[in-house]
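Basis for what follows: all heavy atoms, side chains included, without hydrogens, waters or symmetry-related copies. Bear in mind the structure is a predicted one, so any value in this text is a computation, not a measurement.
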There are 2 protein chains.
Amino acid sequence: MTQTNKYGRRGRQLRSGSSGAVAKTLDPKFFKALCDPNRISLLLRLAGCGRACTVSELNSCCPIDLSVVSRHLGVLRDAGIIESEKRGKQVYYTVCAVEVIATLRSIANALEGCCCCEPKSRQEKKK
Amino acid sequence: MTQTNKYGRRGRQLRSGSSGAVAKTLDPKFFKALCDPNRISLLLRLAGCGRACTVSELNSCCPIDLSVVSRHLGVLRDAGIIESEKRGKQVYYTVCAVEVIATLRSIANALEGCCCCEPKSRQEKKK
DNA sequence: TCTATACTTGCATTATGACGCAAACGAACA
DNA sequence: TGTTCGTTTGCGTCATAATGCAAGTATAGA
(Lines give C-alpha, C1' and ligand atoms only; values in the text may rest on other atoms or scores of the structure.)
Protein backbone atom coordinates (compact mmCIF):
# COMPACT_ATOMS: atom_id res chain seq x y z
CA MET A 1 0.00 0.00 0.00
CA THR A 2 1.48 3.27 -1.10
CA GLN A 3 1.18 6.18 1.24
CA THR A 4 0.38 9.55 -0.24
CA ASN A 5 0.82 12.77 1.56
CA LYS A 6 -1.48 15.67 1.12
CA TYR A 7 0.70 17.23 -1.53
CA GLY A 8 0.10 14.44 -3.92
CA ARG A 9 3.43 12.90 -4.54
CA ARG A 10 5.31 10.50 -2.29
CA GLY A 11 5.67 6.82 -2.78
CA ARG A 12 7.97 5.75 -0.09
CA GLN A 13 8.99 2.24 0.28
CA LEU A 14 10.95 1.64 3.38
CA ARG A 15 14.61 1.03 3.38
CA SER A 16 14.74 -2.57 4.23
CA GLY A 17 13.72 -5.58 6.19
CA SER A 18 13.00 -4.98 9.81
CA SER A 19 11.54 -1.51 9.55
CA GLY A 20 8.72 -2.89 7.41
CA ALA A 21 7.07 -4.25 10.52
CA VAL A 22 7.07 -0.83 12.10
CA ALA A 23 5.78 0.73 8.91
CA LYS A 24 2.74 -1.49 8.98
CA THR A 25 1.89 -0.55 12.54
CA LEU A 26 2.71 3.15 12.42
CA ASP A 27 -0.52 4.35 10.88
CA PRO A 28 -0.83 8.14 10.92
CA LYS A 29 -4.61 7.77 11.17
CA PHE A 30 -4.26 6.12 14.54
CA PHE A 31 -2.04 8.88 15.88
CA LYS A 32 -4.00 11.61 14.21
CA ALA A 33 -7.06 10.49 16.08
CA LEU A 34 -5.19 10.86 19.35
CA CYS A 35 -3.51 14.20 18.77
CA ASP A 36 -6.41 16.41 19.77
CA PRO A 37 -6.73 17.25 23.48
CA ASN A 38 -10.51 17.06 23.42
CA ARG A 39 -10.41 13.61 21.87
CA ILE A 40 -7.96 12.53 24.55
CA SER A 41 -10.37 13.84 27.18
CA LEU A 42 -13.25 11.96 25.62
CA LEU A 43 -11.21 8.79 25.43
CA LEU A 44 -10.05 9.11 29.02
CA ARG A 45 -13.56 9.73 30.16
CA LEU A 46 -14.77 6.71 28.28
CA ALA A 47 -11.92 4.54 29.49
CA GLY A 48 -12.33 5.68 33.07
CA CYS A 49 -16.05 5.19 32.97
CA GLY A 50 -15.78 1.46 32.68
CA ARG A 51 -18.97 1.11 30.67
CA ALA A 52 -20.58 2.24 27.45
CA CYS A 53 -21.42 5.94 27.38
CA THR A 54 -23.73 8.04 25.27
CA VAL A 55 -22.68 11.15 23.38
CA SER A 56 -24.52 13.35 25.85
CA GLU A 57 -22.78 11.77 28.81
CA LEU A 58 -19.38 12.22 27.20
CA ASN A 59 -20.19 15.79 26.33
CA SER A 60 -19.89 16.72 29.99
CA CYS A 61 -16.13 16.22 29.95
CA CYS A 62 -15.45 18.81 27.25
CA PRO A 63 -16.47 22.45 27.04
CA ILE A 64 -17.43 22.05 23.42
CA ASP A 65 -20.65 21.77 21.50
CA LEU A 66 -22.40 18.41 21.42
CA SER A 67 -22.07 18.35 17.67
CA VAL A 68 -18.32 18.64 17.97
CA VAL A 69 -18.23 15.83 20.50
CA SER A 70 -20.16 13.72 18.05
CA ARG A 71 -17.65 14.48 15.34
CA HIS A 72 -14.69 13.72 17.60
CA LEU A 73 -16.21 10.40 18.52
CA GLY A 74 -16.60 9.71 14.82
CA VAL A 75 -12.89 10.34 14.29
CA LEU A 76 -11.97 7.99 17.12
CA ARG A 77 -14.34 5.38 15.75
CA ASP A 78 -12.96 5.67 12.22
CA ALA A 79 -9.51 5.09 13.64
CA GLY A 80 -10.70 1.92 15.34
CA ILE A 81 -10.11 3.27 18.81
CA ILE A 82 -13.69 3.21 19.97
CA GLU A 83 -16.83 1.58 18.67
CA SER A 84 -20.47 2.54 18.73
CA GLU A 85 -23.74 0.75 19.11
CA LYS A 86 -27.13 2.30 18.61
CA ARG A 87 -29.81 1.42 21.15
CA GLY A 88 -33.05 3.21 20.60
CA LYS A 89 -32.45 6.92 20.38
CA GLN A 90 -29.04 6.72 21.91
CA VAL A 91 -25.62 5.75 20.66
CA TYR A 92 -23.34 4.01 23.11
CA TYR A 93 -19.60 4.25 22.71
CA THR A 94 -16.98 1.93 24.17
CA VAL A 95 -13.21 1.79 23.95
CA CYS A 96 -11.82 -0.95 21.71
CA ALA A 97 -9.37 -1.59 24.48
CA VAL A 98 -8.15 -4.97 23.35
CA GLU A 99 -7.43 -3.73 19.84
CA VAL A 100 -5.81 -0.49 20.94
CA ILE A 101 -3.64 -2.31 23.43
CA ALA A 102 -2.63 -4.79 20.75
CA THR A 103 -1.77 -1.96 18.37
CA LEU A 104 0.36 -0.18 20.92
CA ARG A 105 2.19 -3.36 21.84
CA SER A 106 2.81 -4.32 18.25
CA ILE A 107 4.31 -0.91 17.55
CA ALA A 108 6.51 -1.30 20.60
CA ASN A 109 7.56 -4.79 19.53
CA ALA A 110 8.22 -3.75 15.96
CA LEU A 111 10.30 -0.81 17.12
CA GLU A 112 12.19 -3.08 19.43
CA GLY A 113 12.86 -5.43 16.56
CA CYS A 114 14.11 -2.85 14.15
CA CYS A 115 16.10 -0.55 16.36
CA CYS A 116 19.24 -1.82 17.94
CA CYS A 117 17.84 -1.67 21.42
CA GLU A 118 17.63 -4.55 23.85
CA PRO A 119 16.05 -7.67 22.41
CA LYS A 120 12.61 -8.59 23.71
CA SER A 121 13.82 -11.58 25.65
CA ARG A 122 16.03 -9.72 28.04
CA GLN A 123 14.24 -6.43 28.07
CA GLU A 124 14.91 -4.66 31.30
CA LYS A 125 12.21 -2.83 33.21
CA LYS A 126 14.15 0.35 32.83
CA LYS A 127 12.38 3.44 34.03
CA MET B 1 -0.55 19.20 35.72
CA THR B 2 -3.58 20.88 34.27
CA GLN B 3 -4.19 20.45 30.61
CA THR B 4 -5.36 23.43 28.64
CA ASN B 5 -6.84 23.22 25.24
CA LYS B 6 -6.29 25.81 22.61
CA TYR B 7 -9.43 27.66 23.55
CA GLY B 8 -8.11 28.58 26.90
CA ARG B 9 -10.46 26.93 29.32
CA ARG B 10 -10.45 23.29 30.32
CA GLY B 11 -9.14 21.95 33.53
CA ARG B 12 -10.04 18.38 33.44
CA GLN B 13 -9.30 16.15 36.25
CA LEU B 14 -10.14 12.65 35.43
CA ARG B 15 -13.04 10.81 36.87
CA SER B 16 -11.28 8.62 39.29
CA GLY B 17 -8.58 6.22 40.20
CA SER B 18 -7.45 3.97 37.47
CA SER B 19 -7.86 6.31 34.53
CA GLY B 20 -5.34 8.66 36.09
CA ALA B 21 -2.58 6.33 34.98
CA VAL B 22 -3.75 6.56 31.41
CA ALA B 23 -4.07 10.32 31.64
CA LYS B 24 -0.43 10.63 32.59
CA THR B 25 0.70 8.62 29.60
CA LEU B 26 -1.70 9.90 26.96
CA ASP B 27 0.16 13.06 26.04
CA PRO B 28 -1.23 14.73 22.92
CA LYS B 29 2.25 16.03 22.17
CA PHE B 30 3.49 12.50 21.70
CA PHE B 31 0.70 11.60 19.31
CA LYS B 32 0.80 14.93 17.57
CA ALA B 33 4.41 14.31 16.68
CA LEU B 34 3.45 11.04 15.04
CA CYS B 35 0.41 12.15 13.07
CA ASP B 36 2.22 13.55 10.08
CA PRO B 37 3.13 11.10 7.29
CA ASN B 38 6.43 12.80 6.59
CA ARG B 39 7.41 12.56 10.23
CA ILE B 40 6.51 8.89 10.19
CA SER B 41 8.71 8.45 7.12
CA LEU B 42 11.59 10.19 8.82
CA LEU B 43 11.15 8.11 11.93
CA LEU B 44 10.98 4.89 9.95
CA ARG B 45 14.03 5.82 7.99
CA LEU B 46 15.89 6.61 11.17
CA ALA B 47 14.71 3.46 12.90
CA GLY B 48 15.50 1.29 9.90
CA CYS B 49 18.89 2.86 9.46
CA GLY B 50 20.23 1.42 12.66
CA ARG B 51 22.59 4.31 13.30
CA ALA B 52 22.60 8.04 13.83
CA CYS B 53 21.71 10.03 10.72
CA THR B 54 22.21 13.62 9.70
CA VAL B 55 19.47 15.94 8.52
CA SER B 56 20.75 15.75 4.95
CA GLU B 57 20.73 11.96 4.97
CA LEU B 58 17.19 11.88 6.29
CA ASN B 59 16.10 14.43 3.73
CA SER B 60 16.41 11.78 1.02
CA CYS B 61 13.39 9.89 2.32
CA CYS B 62 10.98 12.80 1.92
CA PRO B 63 10.26 14.95 -1.11
CA ILE B 64 10.24 18.07 1.00
CA ASP B 65 12.61 20.93 1.57
CA LEU B 66 15.54 20.36 3.89
CA SER B 67 14.29 23.15 6.13
CA VAL B 68 11.01 21.33 6.58
CA VAL B 69 12.84 18.12 7.44
CA SER B 70 14.76 20.03 10.04
CA ARG B 71 11.53 21.33 11.52
CA HIS B 72 9.94 17.88 11.54
CA LEU B 73 12.94 16.48 13.33
CA GLY B 74 12.58 19.27 15.84
CA VAL B 75 8.98 18.28 16.50
CA LEU B 76 9.96 14.64 17.01
CA ARG B 77 12.78 15.71 19.31
CA ASP B 78 10.52 17.98 21.37
CA ALA B 79 8.18 15.06 21.82
CA GLY B 80 11.03 12.95 23.15
CA ILE B 81 10.85 10.51 20.26
CA ILE B 82 14.28 11.18 18.84
CA GLU B 83 17.35 12.95 20.14
CA SER B 84 20.08 14.98 18.50
CA GLU B 85 23.76 15.41 18.93
CA LYS B 86 25.86 18.01 17.19
CA ARG B 87 29.22 16.88 15.84
CA GLY B 88 31.06 19.56 13.99
CA LYS B 89 28.88 21.02 11.30
CA GLN B 90 26.44 18.14 11.38
CA VAL B 91 23.59 17.16 13.65
CA TYR B 92 23.06 13.45 14.19
CA TYR B 93 19.64 12.17 15.11
CA THR B 94 18.77 8.85 16.75
CA VAL B 95 15.53 7.26 17.85
CA CYS B 96 14.92 7.23 21.60
CA ALA B 97 13.77 3.67 21.11
CA VAL B 98 13.88 2.56 24.72
CA GLU B 99 11.85 5.55 25.87
CA VAL B 100 9.32 5.34 23.08
CA ILE B 101 8.85 1.64 23.64
CA ALA B 102 8.40 2.25 27.35
CA THR B 103 5.84 4.96 26.66
CA LEU B 104 3.83 2.75 24.32
CA ARG B 105 3.86 -0.13 26.77
CA SER B 106 2.88 2.04 29.70
CA ILE B 107 -0.09 3.40 27.76
CA ALA B 108 -1.08 -0.15 26.90
CA ASN B 109 -0.71 -1.24 30.51
CA ALA B 110 -2.60 1.73 31.86
CA LEU B 111 -5.41 1.17 29.39
CA GLU B 112 -5.50 -2.45 30.36
CA GLY B 113 -5.73 -1.48 33.99
CA CYS B 114 -8.50 1.04 33.63
CA CYS B 115 -10.76 -0.50 31.06
CA CYS B 116 -12.72 -3.52 31.99
CA CYS B 117 -10.97 -5.63 29.46
CA GLU B 118 -9.38 -8.91 30.28
CA PRO B 119 -6.75 -8.69 32.96
CA LYS B 120 -3.19 -9.02 31.75
CA SER B 121 -2.79 -12.50 33.15
CA ARG B 122 -5.60 -14.18 31.30
CA GLN B 123 -6.03 -11.93 28.33
CA GLU B 124 -7.47 -13.90 25.47
CA LYS B 125 -6.49 -13.50 21.87
CA LYS B 126 -9.99 -12.42 21.02
CA LYS B 127 -11.16 -11.76 17.46
C1' DT C 1 -49.50 11.76 13.35
C1' DC C 2 -47.41 15.08 16.14
C1' DT C 3 -43.81 16.14 19.49
C1' DA C 4 -39.73 15.48 22.09
C1' DT C 5 -35.24 13.59 22.49
C1' DA C 6 -30.62 12.04 20.86
C1' DC C 7 -27.58 12.44 17.64
C1' DT C 8 -25.50 13.71 12.97
C1' DT C 9 -24.52 16.66 9.06
C1' DG C 10 -23.98 21.13 6.28
C1' DC C 11 -21.82 25.24 6.31
C1' DA C 12 -19.10 29.31 7.38
C1' DT C 13 -15.47 30.90 10.43
C1' DT C 14 -11.22 30.58 12.73
C1' DA C 15 -7.05 28.26 14.33
C1' DT C 16 -3.33 25.28 13.53
C1' DG C 17 0.06 23.14 10.92
C1' DA C 18 2.92 22.11 6.71
C1' DC C 19 5.38 24.07 3.21
C1' DG C 20 9.16 26.60 0.34
C1' DC C 21 12.16 30.27 -0.04
C1' DA C 22 15.51 33.22 1.66
C1' DA C 23 18.28 34.73 5.23
C1' DA C 24 20.82 33.74 9.44
C1' DC C 25 23.73 30.95 12.15
C1' DG C 26 27.78 28.20 13.49
C1' DA C 27 31.64 25.12 12.57
C1' DA C 28 35.44 23.82 9.58
C1' DC C 29 38.81 25.13 6.63
C1' DA C 30 41.53 27.85 3.19
C1' DT D 1 39.26 36.81 7.91
C1' DG D 2 36.61 35.20 4.20
C1' DT D 3 34.27 31.14 2.23
C1' DT D 4 31.81 26.96 2.19
C1' DC D 5 28.85 23.54 4.11
C1' DG D 6 25.14 21.79 7.14
C1' DT D 7 21.47 23.19 9.67
C1' DT D 8 17.98 26.29 11.72
C1' DT D 9 14.82 30.23 11.76
C1' DG D 10 11.69 34.06 9.86
C1' DC D 11 8.02 34.79 7.11
C1' DG D 12 4.21 34.55 3.90
C1' DT D 13 1.06 31.17 1.71
C1' DC D 14 -1.92 27.44 1.48
C1' DA D 15 -4.20 23.19 3.32
C1' DT D 16 -6.29 20.91 7.00
C1' DA D 17 -8.81 20.53 11.08
C1' DA D 18 -11.67 22.30 15.08
C1' DT D 19 -15.57 24.79 16.29
C1' DG D 20 -20.55 26.58 16.80
C1' DC D 21 -24.86 27.18 14.94
C1' DA D 22 -28.67 25.66 12.51
C1' DA D 23 -30.98 22.28 10.06
C1' DG D 24 -31.72 17.40 9.27
C1' DT D 25 -32.52 12.40 10.56
C1' DA D 26 -34.12 8.75 13.39
C1' DT D 27 -36.42 6.71 17.31
C1' DA D 28 -39.70 6.73 21.23
C1' DG D 29 -43.76 7.94 23.05
C1' DA D 30 -48.13 10.77 23.55
If you restrict it to nitrogen or oxygen atoms, what contacts under 3.5 Å exist between nucleotides 8-11 of chain C and the protein, and what is each distance?
from, atom 1, to, atom 2, distance (Å)
dT8(C), OP1, Y93(A), OH, 3.2
dT8(C), OP2, S70(A), OG, 2.3
dT8(C), O5', S70(A), OG, 3.3
dG10(C), O6, R71(A), NH2, 2.6

Distance check: side-chain N/O of [X] vs OP1/OP2 of [N], anything under 4.0 Å?
X      : N       : value
H72(B) : dG17(C) : no
T54(B) : dT7(D)  : yes
N59(B) : dG6(D)  : no

Using atom [atom1] of [X] as one end and atom [atom2] of [N] as the other, report the distance to the nearest whole Å.
X      : N       : atom1 : atom2 : value
K29(B) : dT16(C) : NZ    : P     : 16 Å
I64(A) : dT13(C) : CD1   : P     : 21 Å
L34(B) : dG17(C) : CG    : P     : 15 Å
K32(B) : dA17(D) : NZ    : P     : 13 Å
L76(B) : dT7(D)  : CG    : C1'   : 16 Å
R39(B) : dC19(C) : CZ    : C1'   : 12 Å
Q90(B) : dA28(C) : CD    : C1'   : 11 Å

Seminar exercise, completed: Applying side-chain hydrogen bond (donor to acceptor under 3.5 Å, both in side chains) to S84(B) and not counting sequence neighbours gives R77(B)
Applying side-chain contact (heavy atoms from CB on, under 4.5 Å), can you list everything that pairs with [X], at least two apart in sequence or on another chain?
X       : value
A108(A) : I101(B), L104(B), R105(B)
A52(B)  : R87(B), Y92(B), T94(B)
D65(B)  : S67(B), V68(B)

Exercise. Where the side chain of R39(A) meets the backbone of A33(A), is there a donor-acceptor pair that is under 3.5 Å apart?
Worked result: yes
Exercise. Counting only N and O atoms by type, is there a donor-acceptor contact under 3.5 Å from the side chain of S70(B) to the main-chain atoms of L66(B)?
Worked result: no
Problem set entry | Sole residue of L76(B), T103(B), V75(B) in side-chain contact (heavy atoms from CB on, under 4.5 Å) with I81(B) | L76(B)
Problem set entry | Matching residue for L73(B) among N59(B), V91(B), D78(B), V55(B) - test: side-chain contact (heavy atoms from CB on, under 4.5 Å) | V55(B)
For this session: Would you sort out whether R45(A) and S60(A) count as a side chain to side chain contact (heavy atoms under 4.5 Å, CB included), showing the intermediate values?
Result: CA-CA 9 Å; R45(A) 172 62 177 266; S60(A) 67; 3.1 Å; yes
Exercise. If you check every side-chain atom of D36(B), which of dT19(D), dA6(C), dA18(C) has the closest atom?
Worked result: dA18(C)
Problem set entry | Letter per nucleotide, 5' to 3', of nucleotides 25-30 of chain D [B base touched, S only sugar-phosphate touched, - untouched; heavy atoms, 4.0 Å] | -SBS--
